[in-house]
Amino acid sequence: MIDLRSDTVTKPTEAMRAAMARAEVGDDVYGEDPVVAELEERVAGMFGKEAALFTPTGSMANVLAVRTLVEPGQEVLCESAAHIARAELGAHGALSGITMRTWYDPRGQIDLPTIAAMFAPDLGPFFVRTTAIAVENTHNFAGGAVLPIEDLEALRAFADGVGTRIHLDGARIWNAHVATGTALSEYGAIADVLAVCLSKGLGAPVGSLVVGTADAIAESRIRRKRLGGGMRQVGILAAAGLHALDHHVERLAEDHAHARLLAEACGVDPASVPTNIVVVPRDDAQGFVAAAREQGVLVSAVGAKAVRLVTHLDVSKTDAEQAAAVLARL
Ligand SMILES: Cc1ncc(COP(=O)(O)O)c(C=O)c1O
């Protein structure tokens, strides 16, 4: 089976497993795991931030990150198909008491005039107040769309002007960085807080980080424990993350090339595929998924009329070519 359902399906490489086996560990709830500390410090530095916190999942990282900016009873603005709005089971409402309003952009982009019109300043004890704007880069459900750094900078200028703050869901920020050459620190500079994942394109089995100010991270450390996310000898997983940062970032360019190859085979303009996700319009999405499976290719339906293909570390060029041939026939 060639598995194109998600870049989360990767299995740790032999070299990654060896790094995990070698990891020196300690109890991270006591702050004694040296490899977790190394990972947190390194990732904070990559984004030009003071501190970072290792979490089991991207969803938990998003919940903690948004909560550092938004108090219960306040709101965050985001795009309508953002992962925080669509795919975290209402966690920000259920766990943090936060409401959301969304703008709609099928390309997952920042719509600054609409955001400006939606933004609600503190109008006293009658209205919900906007205390953060969340953006997703790359945007998963918009086909791995990249948010241009100029648009992010314009959003930052807007946020500074009105006194609000920015969360960046960077589950796949590495893909945006490799696709555009924009430095990770530039992405860090436009955001007050970020959530970044090691378990997507980078191929680690587990792990994400909240990245931000020392205060935000100290606060998130307490909330992580409250959520049941205090982990013990977890350097074994952080070692996988460090290995991924050393070996699996630049190679994302291969995934992007494979995605363009698949796009072409499916009649999608490769120029519209900036990273590792291809969304193919199909009236019979479920039927297409079943037929592809019969022929050894796993893809997923996203909605009734769209199929999603995601390339990753465990899809070689030969796999991509084989899958392209199958999908083109279908
Ligand atoms: C953009 C984005 N943010 C956050 C997440 C959540 O990550 P996790 O599955 O580790 O909770 C995902 C997962 O695919 C994602 O695509």
Side-chain angles (χ1 to χ4, degrees), residues 3-12 39 43 47 52-67 76 78-92 94-96 100 102 105 107-110 132-147 152 166-177 179 187 191 193-211 220 223-224 227-229 231 234 237-238 240-241 244 252 255 259 274-279 299-303 306 308-313:
D3 196 342
L4 302 173
R5 288 171 303 165
S6 172
D7 49 11
T8 58
V9 301
T10 55
K11 308 223 168 82
L39 175 69
V43 173
F47 290 94
L53 180 75
F54 190 53
T55 61
T57 64
S59 299
M60 190 189 284
N62 272 335
V63 166
L64 293 171
V66 172
R67 182 64 184 84
V76 57
C78 63
E79 201 284 315
S80 62
H83 198 276
I84 64 166
R86 293 283 300 122
E88 291 173 11
L89 298 167
H92 301 263
L95 304 174
S96 303
M100 286 180 186
T102 59
D105 188 304
R107 298 162 307 120
Q109 297 295 312
I110 293 166
I133 301 164
V135 289
E136 187 174 310
N137 194 16
T138 66
H139 192 301
N140 181 351
F141 295 129
V146 171
L147 308 187
L152 290 163
I166 297 177
H167 165 60
L168 170 55
D169 178 352
R172 296 182 182 78
I173 195 70
W174 325 100
N175 297 80
H177 158 65
Y187 290 129
V193 68
L194 303 90
V196 302
C197 293
L198 305 165
S199 59
K200 311 283 180 314
L202 297 194
V206 173
S208 294
L209 295 106
V210 185
V211 193
S220 297
R223 294 203 179 105
R224 180 187 67 176
L227 291 174
M231 300 176 288
V234 75
L237 297 176
L252 291 171
D255 297 346
T275 58
N276 67 326
I277 302 177
V278 187
V279 176
V299 299
S300 45
V302 282
R308 192 183 71 162
L309 325 172
V310 187
T311 56
H312 52 76
L313 187 62

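Residue numbers run from 1 in the order of the sequence given. In listed order, ligands and their atoms are each counted from 1. Keep in mind that what you see is a predicted model, and the values were worked out from it rather than measured.
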Taken in chain and number order and not counting sequence neighbours, the residues that satisfy side chain to side chain donor-acceptor pair (under 3.5 Å) with Glu88 are Asn62, His83, His92
About how many Å separate CG of Asp7 and CD1 of Ile277, when rounded to the nearest 0.5 Å?
-> 6.0 Å
Under 3.5 Å: N or O atoms of ligand 1 paired with protein N or O:
residue  : atom   : partner : partner atom : Å
ligand 1 : 3 (N)  : Asp169  : OD1          : 3.1
ligand 1 : 3 (N)  : Asp169  : OD2          : 2.7
ligand 1 : 7 (O)  : Lys200  : NZ           : 2.9
ligand 1 : 10 (O) : Gly58   : N            : 2.8
ligand 1 : 10 (O) : Lys200  : NZ           : 3.2
ligand 1 : 11 (O) : Gly58   : N            : 3.4
ligand 1 : 11 (O) : Ser59   : N            : 2.9
ligand 1 : 11 (O) : Ser59   : OG           : 2.6
ligand 1 : 16 (O) : Asn140  : ND2          : 2.8
ligand 1 : 16 (O) : Arg172  : NH1          : 2.8

Verify the neighbour count for atom CZ of Arg223: are there more than 12 heavy atoms of other residues, nucleotides or ligands below 6.0 Å?
-> yes
Who pairs with Asp255 by salt bridge (Lys or Arg N to Asp or Glu O under 4.0 Å), at least two apart in sequence or on another chain?
-> Arg251
dist Glu136:CD -> Leu147:CG (nearest 0.5 Å) comes out at 8.5 Å
Taking only residues two or more places apart in sequence, or in another chain, which ones meet Ser300 in a side chain to side chain donor-acceptor pair (under 3.5 Å)?
-> none
